[in-house]
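Side chains are part of it too, since the values below use all heavy atoms of this structure and drop only hydrogens, waters and symmetry mates. Each chain gets a letter, A, B and so on, in the order its sequence line appears, and its residues count up from 1.
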Amino acid sequence: GNSVTQMEGPVTLSEEAFLTINCTYTATGYPSLFWYVQYPGEGLQLLLKATKADDKGSNKGFEATYRKETTSFHLEKGSVQVSDSAVYFCALRRDFGNEKLTFGTGTRLTIIP
Amino acid sequence: DTGVSQDPRHKITKRGQNVTFRCDPISEHNRLYWYRQTLGQGPEFLTYFQNEAQLEKSRLLSDRFSAERPKGSFSTLEIQRTEQGDSAMYLCASSLEGLAGEVAFFGPGTRLTVL
């Protein structure tokens, strides 16, 4: 079946540090890949997505590249801010026949000034 | 901003009681999903509707759970004879059927506490 494995947290970084949150997946077919973010007290929001191999999703300074050869979709940001403190979820969706999202367990990120 | 809304936001109930949650999706979205999220975990799929048809149910959805979307708009999730293990955040999401990479928009969730 489909599964997503995420880097375990929590992760604590200083402001302006470089961020990487690892995500690998197992899926049959050709899934789309997503990063969702959950800010304190808020619902899940889409951060970025990629739909095919070598696609790069980007938003708010975050980036992730769909790597089919390593089945990975690692989230990166060059310089984090305190406002990036949140829980980040990697997810996949097999398009065209299996519409549900399969999520990782989430990584809690805390940025200290 | 007419995003996905859920009601109630919080529900505290005693074991054995029935509870019902409501989800109002984004108006033009024809797909609606229910997920459950427990502390420290990612959301887990429960069930999915396309218009009014319930097309998939997870094995997590025991026979105490039932979901409906009678007119293809709002949806309800009912849990009968609640158990303490049902305590979780119940999330609703909606999407518009389309191309690859279809995006699901999530509501704020209903937090259920079973005493």
Side-chain angles (χ1 to χ4, degrees), chain A residues 1-10 21 23 25 27 29-53 55-59 64 66 73 86-108, chain B residues 1-7 9-10 23-26 29-51 53-61 67 88-111:
Chain A
N2 300 332
S3 67
V4 175
T5 302
Q6 258 185 263
M7 172 178 169
E8 287 193 18
I21 301 178
C23 170
Y25 68 90
Y30 303 96
S32 291
L33 301 174
F34 304 83
W35 278 99
Y36 278 83
V37 58
Q38 192 168 35
Y39 297 105
E42 298 185 18
L44 280 166
Q45 303 174 23
L46 178 71
L47 181 60
L48 53 84
K49 69 175 186 180
T51 59
K52 60 184 187 296
D55 265 4
K56 179 185 284 188
S58 60
N59 186 25
Y66 189 141
F73 193 54
V87 182
Y88 292 81
F89 293 93
C90 185
L92 71 82
R93 177 178 175 272
R94 267 192 58 209
D95 295 313
F96 310 123
N98 191 332
E99 282 71 16
K100 62 180 179 282
L101 287 163
T102 300
F103 286 88
T105 54
T107 302
R108 180 175 297 279
Chain B
D1 180 5
T2 54
V4 179
S5 61
Q6 292 186 246
D7 184 69
R9 295 291 304 275
H10 303 274
C23 171
D24 286 89
I26 294 172
H29 285 183
N30 61 335
R31 290 178 168 170
L32 186 146
Y33 311 80
W34 286 97
Y35 292 83
R36 181 170 68 187
Q37 186 179 18
T38 53
L39 201 62
Q41 299 297 315
E44 294 175 295
F45 171 78
L46 293 178
T47 190
Y48 147 66
F49 291 85
Q50 179 149 318
N51 301 310
Q54 189 173 19
L55 296 187
E56 188 175 352
K57 292 194 291 187
S58 162
R59 283 172 289 182
L60 292 175
L61 211 67
M89 179 75 86
Y90 289 84
L91 301 173
C92 177
S94 70
S95 65
L96 181 63
E97 179 183 7
L99 302 175
E102 178 181 315
V103 176
F105 292 83
F106 283 80
T110 294
R111 183 170 295 284

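- Of the two parts of A:Q38, only the side chain, counted from C-beta on, holds a non-hydrogen atom closer than 4.5 Å to a non-hydrogen atom of chain B.
- The two residues B:V103 and A:Y36 make their nearest non-hydrogen contact at CG1-OH, 4.1 Å.
- Only the side chain of B:L91 has a heavy atom closer than 4.5 Å to any heavy atom of chain A.
- A:F89 has its side chain within reach of B:Q37: a pair of non-hydrogen atoms, C-beta onward, lies under 4.5 Å apart.
- In this structure, no portion of B:Q6 lies under 4.5 Å from any heavy atom of chain A.
- Heavy atoms closer than 4.5 Å to chain B are found in the side chain of A:L46, but not in its backbone.
- Side-chain contact check for B:Y33 versus A:L101: every heavy-atom pair is 4.5 Å or farther apart.
- Rounded to the nearest 0.5 Å, atoms OG1 (A:T51) and CD (B:E102) are 12.5 Å apart.
- The 12-atom threshold is exceeded at CD of A:E42, counting heavy atoms of other residues, nucleotides or ligands nearer than 6.0 Å.
- Geometric assessment of A:K100 against the ring of B:F45 yields a positive cation-pi assignment under the 6.0 Å and 45° thresholds.
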